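The structure displayed is predicted, hence computed values, not measured ones.
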Amino acid sequence: MVDSDDLISNRIAEYVNYHPNENGFLSSYGYAYNDGFDYVKKLAALHRICGSCSIVNYSVEDLPDRMPENLWDDSPMIYGFVGSHIE
């Protein structure tokens with residue numbers, strides 16, 4: 001999942017589709033940018049702090065039958081990862 005502040009390769013879907021048997025992918029590096037600064041910084045292992053730097057191969061069978069009543073109460077770790085992206 002990506003959102004409006006993420007920049008990814010325009011070839012990523014082609015690459016993933018070419019490797020259908022892989023369980024997923026991690027970006028070996030990436031670039032971090034903070035709004036208001038006039039530079040970007042290259043970071044190793046960006047996937048450790050940025051969820052947009054990983055691709056996970058899920059199938060319908062891997063998903064739960066239903067969503068929890070309150071996602072944030074039932075799964076507090078999720079808020080830690082996406083909390084800054086909630087309106």
Side-chain angles (χ1 to χ4, degrees):
M1 174 172 44
V2 296
D3 56 24
S4 64
D5 66 347
D6 297 325
L7 299 173
I8 60 173
S9 171
N10 64 353
R11 299 176 294 178
I12 193 73
E14 177 183 11
Y15 182 83
V16 171
N17 287 330
Y18 189 74
H19 299 89
N21 296 320
E22 296 293 331
N23 287 324
F25 303 89
L26 294 175
S27 177
S28 57
Y29 70 91
Y31 297 90
Y33 170 76
N34 288 317
D35 193 32
F37 291 86
D38 59 354
Y39 65 89
V40 295
K41 183 175 181 179
K42 186 175 181 178
L43 298 174
L46 189 61
H47 64 277
R48 292 182 181 207
I49 60 170
C50 175
S52 301
C53 294
S54 60
I55 298 172
V56 180
N57 185 0
Y58 283 109
S59 69
V60 172
E61 292 81 22
D62 296 322
L63 300 174
D65 292 332
R66 63 175 185 79
M67 292 294 290
E69 289 292 323
N70 185 334
L71 184 61
W72 310 117
D73 289 344
D74 292 347
S75 188
M77 270 189 67
I78 291 175
Y79 186 81
F81 289 112
V82 300
S84 65
H85 294 84
I86 298 172
E87 292 183 15

Please identify each residue that fulfils side-chain contact (heavy atoms from CB on, under 4.5 Å) with A45, with sequence neighbours left out.
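Here the qualifying residues are H47, R48.
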
Sequence neighbours left out, what passes side-chain contact (heavy atoms from CB on, under 4.5 Å) with L43? Give chain and number order.
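Expected list: A32, K41, L46, I49.
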
Could you list the residues that satisfy ring-ring contact (aromatic ring centres under 6.0 Å, His included) with Y33, not counting sequence neighbours?
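Y33: no ring-ring contact (aromatic ring centres under 6.0 Å, His included) contacts found.
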
Residues that Y39 engages under ring-ring contact (aromatic ring centres under 6.0 Å, His included), provided they are two or more places apart
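Residues passing ring-ring contact (aromatic ring centres under 6.0 Å, His included) with Y39: F37.
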
Apply side-chain hydrogen bond (donor to acceptor under 3.5 Å, both in side chains) to E61 and list each qualifying residue two or more places apart in sequence or on a separate chain.
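Scan of E61 (side-chain hydrogen bond (donor to acceptor under 3.5 Å, both in side chains), adjacent residues dropped) gives S59.
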
List, one per line, each side-chain donor-acceptor pair under 3.5 Å for residues 22-31, sequence neighbours excluded.
{"unit_1": "S27", "atom_1": "OG", "unit_2": "Y29", "atom_2": "O", "d": "2.4"}

